[in-house]
Amino acid sequence: MSTAESPPDVALSVVVPAFDEAEVLPAFAQRLRPVLDGLLEQGLGGYEVLVVDDGSSDPTPVVLARLRRDWPQLRVVRLRANAGHQAALSAGLARARGRGGVLTMDADLQDPPEVLPRMLAAAAGNDVVYAVREDRSVDSVLKRLTAAAFYRLVSALGGRAPAQAGDFRFTSRVVVDTVLGLPEAHRVLRLVVPDLGFASTTVGYVREARGAGRTKYPLGRMLRLSLDAITGSSTAPLRLASFFGLGGALLTFLLLLYALVSFALGSTVPGWTSTLAVVAGVGTLQLLCLGVLGEYVGRLYVQLQNRPTYLVASDSLEDPADRGQART
Ligand code: UDP
Ligand code: MG
């Protein structure tokens, strides 16, 4: 095995999950490289840019192989199949060599590379640096509304994630190792990292528009991420059923009282509407509570199965001759 192309030991790993990002990757490299090379000149002890190709089916592997030809610090880890953003991030964290820590960012230039030096400067004395979006007017109204609702829900459930912080984040080596040591498979990193309680700070930036290509997060995927995040960080929804039960008991008591009084006064009439309303209401609540329960049971099941959340097909560090051809 020859690692002549990249130094054996690096101070910083930049982990970038990429799924079908062939259109934007050349521009991404063009903007990221000067920033990192500038940091090298200022004394950064070596870096690697670890792009995790999350099972892309477009020319992403070919584009990456081409970029790697004259950018020795670029490393490509390809996953066998599309594992999803969070699993791709975990794959990157697991393989990152950065002694000092790992910086994660998106490939689509929505996380501007020019913020990196400020984030690394803020890392002195902190284990975690979140880049938070001060202005996300480029995002769609739907995206902003759902994001706002999501962060409000998370904090209501006791989560500590800073609002407007996605996965644009620096984590020191000790945080990376702590995260990797957690037994949880389907972790949502943006909630797990704040919960660990390491010293942290934030750096503001203006969210840019996607450089090229389309979003890989349609509504369905966003919903799934939210469900994973909520069930992964809180069991509060399970208590919902108990609260409904308590409220229901109180209501039943009042209703009974009302019925008895009506009976005593001799004014009972066949109440079709009220019966229907009660039956429908209770049925809906029961289904809802059952659904909540199901979410957690499903999570338990998946964790019990303990399947890997991603499979690595190749790593350019181990196979420097990799030219981006499809593998079997
Ligand atoms: N991504 C990934 N696997 C997926 C979906 C997305 O690795 O299954 C990557 C994608 O290439 C990008 C980042 O995750 O680098 C964020 O995705 P995207 O920009 O599409 O999400 P948005 O910014 O629209 O929320
Ligand atoms: Mg994006």
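Counting starts at 1 for both ligands and their atoms, in listed order.
- For residues 250-261, no residue pair satisfies the side chain to side chain donor-acceptor pair (under 3.5 Å) rule, not counting sequence neighbours.
- Counting backbone and side-chain atoms alike, Gln110 contributes an N/O/S atom closer than 2.8 Å to the Mg ion (ligand 2).
- In the hydrophobic clustering of this structure, Val16 does not group with Tyr217; members are Ile, Leu, Val, Met, Phe, Trp, Tyr whose side-chain heavy atoms approach within less than 4.5 Å, directly or through other members.
- Of the possible donor and acceptor atoms, one in the side chain of Thr60 sits under 3.5 Å from a partner among the backbone N and O of Ala22.
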Evaluation steps, side-chain hydrogen bond (donor to acceptor under 3.5 Å, both in side chains), between Gln86 and Asp167: CA-CA 9 Å; Gln86 295 298 314; Asp167 285 303; 3.0 Å; yes
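- Between the side chain of Ser13 and the backbone N or O of Arg97 there is at least one donor-acceptor pair closer than 3.5 Å.
- Of the candidates Arg133, Arg210, Arg207, Asp139 forms a salt bridge (charged side-chain N to carboxylate O under 4.0 Å, His left out) with just one, namely Arg207.
- Looking at Asp108 and the Mg ion (ligand 2) together, the shortest N, O or S contact belongs to OD2.
- Following chains of ILVMFWY side-chain contacts shorter than 4.5 Å, one can reach Leu74 starting from Val24, so the two form part of one hydrophobic cluster.
- When heavy-atom distances to ligand 1 are checked against 4.0 Å, the residues falling inside are Pro17, Ala18, Phe19, Glu21, Asp54, Asn82, Gly84, His85, Asp106, Ala107, Asp108, Gln110, Lys143, Arg207, Arg210, Thr215, Lys216, Tyr217, Arg221, ordered by chain and number.
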